[in-house]
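Because the structure is predicted, anything quoted here is derived from the model rather than measured. Reminder, nothing fancy here: chain letters follow the sequence lines and each chain counts from 1.
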2 protein chains.
Amino acid sequence: MSRAKPARRSGCPISYTLDLLGDKWSLLVIRDLMFFGKRRYGEFLESAEGIATNILADRLERLEGAGLITRNEDSATGGKGEYALTAKGLDLLPVVLELILWGAHHDPKTGAPMEFVRRVKRDRDAVIKEIRARHENR
Amino acid sequence: MSRAKPARRSGCPISYTLDLLGDKWSLLVIRDLMFFGKRRYGEFLESAEGIATNILADRLERLEGAGLITRNEDSATGGKGEYALTAKGLDLLPVVLELILWGAHHDPKTGAPMEFVRRVKRDRDAVIKEIRARHENR
DNA sequence: CTGTATCCTTAGGGATACTG
DNA sequence: CAGTATCCCTAAGGATACAG
């Protein structure tokens with residue numbers, strides 16, 4: 001299925017970001033890549049939120065189209081895709097960390113891992129550096 | 001119209017945030033309050049993205065329900081609403097600033113005000129402090 | 001000006017079956 | 001396992017008219 005790219009709504013950078021990521025699933029795929037080292041289709045499906053297969057396929061395609069992730073066709077494994085963050089995708093790290101801090105702070109029933117949250121709060125830049133390195137060395 | 005709150009999908013703080021803000025409009029309303037000092041219905045309608053009246057009404061109601069904004073019925077002006085960010089809403093400031101940095105950096109056609117972007121990049125904490133103060137002193 | 005309400009269309013998304 | 005395809009329903013959203 002080919003999909004026409006939706007038109008940008010304005011020159012605002014927030015609007016730009018929302019045009020790409022303003023839905024309930026895209027950022028969860030990013031999260032799985034970024035923090036949990038997931039790379040394969042089936043791994044994304046396993047996440048707690050329970051994304052549907054068609055939605056996942058759609059989001060992977062979109063994110064690739066937006067230059068946030070890459071898909072490496074692994075011919076050795078018989079045409080299975082391996083997904084990874086691009087530099088542009090990895091640049092979302094500060095955004096996502098702030099989302100985590102906000103969510104963990106304001107959700108009364110949060111299940112966020114508090115040791116990690118505390119570390120981000122204290123050592124934000126170090127955490128960024130560490131996670132970046134982990135992705136760049138693969 | 002009453003709307004049933006959609007169920008949370010998981011305990012993940014990112015998922016929590018997306019459950020509240022994962023659409024293409026909510027964060028633009030937050031932006032208008034946060035940076036442009038907008039407070040009234042008609043002011044939100046004027047923004048470049050062109051939100052529809054029914055969508056705006058819906059989002060204002062939702063954001064109020066989520067505790068991100070307040071609506072002050074101004075009886076002096078004949079029942080007009082004045083909207084403002086709550087502390088919880090204002091806490092989104094770091095998130096939104098990172099979104100701006102990312103969007104301004106990666107959108108080839110960005111219309112972001114570059115002086116502001118550069119200032120955020122250099123003096124992030126000072127910008128946060130300044131904008132917080134502006135809202136808390138109203 | 002600040003909303004509500006209605007109509008209608010499209011996009012999002014859940015469930016599930018199916019293919020290489 | 002890694003997707004595609006289909007069915008079907010609901011939510012999101014645009015346009016516009018209307019009310020206090």
Salt bridge or not for [X] and [Y], using N-O below 4.0 Å?
| X | Y | value |
| --- | --- | --- |
| B/Arg119 | B/Glu115 | no |
| A/Asp91 | A/Arg132 | yes |
| A/Glu46 | A/Arg40 | no |
| A/Arg71 | A/Glu73 | yes |

I want to check one thing: is the phosphate of [N], taken as OP1 and OP2, less than 4.0 Å away from some side-chain N or O of [X]?
| X | N | answer |
| --- | --- | --- |
| B/Tyr41 | C/dT4 | no |
| A/Arg59 | C/dA11 | no |
| A/Arg71 | D/dG3 | yes |

Check: If we fit an axis to the first five pairs and another to the last five of the helix from C/dC1-D/dG20 to C/dG20-D/dC1, what angle do they make, to the nearest 10°?
Finding: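 Rounded to the nearest 10 degrees, the bend comes out at 30°.
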In whole angstrom, what separates [X]'s [atom1] from [N]'s [atom2]?
| X | N | atom1 | atom2 | result |
| --- | --- | --- | --- | --- |
| A/Glu73 | D/dG3 | CD | C1' | 11 Å |
| A/Glu43 | D/dG3 | CD | P | 12 Å |
| B/Lys80 | C/dT4 | NZ | P | 14 Å |
| B/Glu46 | C/dC1 | CD | C1' | 11 Å |
| B/Glu61 | C/dT2 | CD | C1' | 14 Å |
| B/Asp19 | D/dA12 | CG | P | 12 Å |
| B/Ile55 | C/dT2 | CD1 | P | 19 Å |
| A/Arg62 | C/dA11 | CZ | C1' | 9 Å |

[X] side chain, from C-beta outward: closest of [options]:
| X | options | answer |
| --- | --- | --- |
| B/Ala52 | D/dA2, C/dC1, D/dG14 | D/dG14 |
| B/Arg40 | D/dT4, C/dC1, C/dT4 | C/dC1 |
| A/Trp25 | C/dG14, D/dT4, D/dG3 | C/dG14 |

Notebook entry, point to check: Residues two or more places apart in sequence or in another chain: which of them pass ring-ring contact (aromatic ring centres under 6.0 Å, His included) with B/His135?
Noted result: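 With neighbours one apart ignored, the set is empty.
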Check: Mind checking whether A/Arg8 and B/Asp107 have side chains closer than 4.5 Å, heavy atoms only?
Finding: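 A side-chain contact under 4.5 Å exists here.
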Next item on the list: Would you check if A/Tyr41 and A/Leu56 make a side-chain contact, meaning some heavy-atom pair closer than 4.5 Å?
Entry: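 Yes, close enough: below the 4.5 Å cut-off.
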Next item on the list: Looking at every strand, decide which applies to A/Phe44 at a 4.0 Å heavy-atom threshold: base, sugar-phosphate, or nothing.
Entry: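 Since no nucleic acid heavy atom lies under 4.0 Å of A/Phe44, the category is nothing.
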Margin query: Let's test your reading of the model: under 3.5 Å, does the base of D/dG14 pair with the side chain of B/Asn54 as donor and acceptor?
Written below: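 Yes, the side chain and the base share a sub-3.5 Å donor-acceptor pair.
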Notebook entry, point to check: What about B/Thr53, does its side chain sit under 3.5 Å from the base of C/dT2 through a donor-acceptor pair?
Noted result: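 Counting by modelled atom types and ignoring angles, no donor-acceptor contact under 3.5 Å is found here.
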Note to self: Reading DNA chain D from 5' onward, which residue's closest nucleotide shows up sooner: A/Lys24 or A/Leu45?
What the structure shows: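 Going by which nucleotide is closer to the 5' end, it is A/Leu45.
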Check: On DNA chain D, nearest-nucleotide positions of A/Leu60 versus A/Arg9: which is more 5'?
Finding: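 Looking at the nearest nucleotide for each, A/Leu60 comes out on the 5' side.
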Margin query: For a salt bridge (Lys or Arg N to Asp or Glu O under 4.0 Å) check, start with the C-alpha distance between B/Glu49 and B/Arg31, then their side-chain angles and the critical distance, and finish with the verdict.
Written below: CA-CA 12 Å; B/Glu49 293 84 10; B/Arg31 169 201 66 185; 3.0 Å; yes
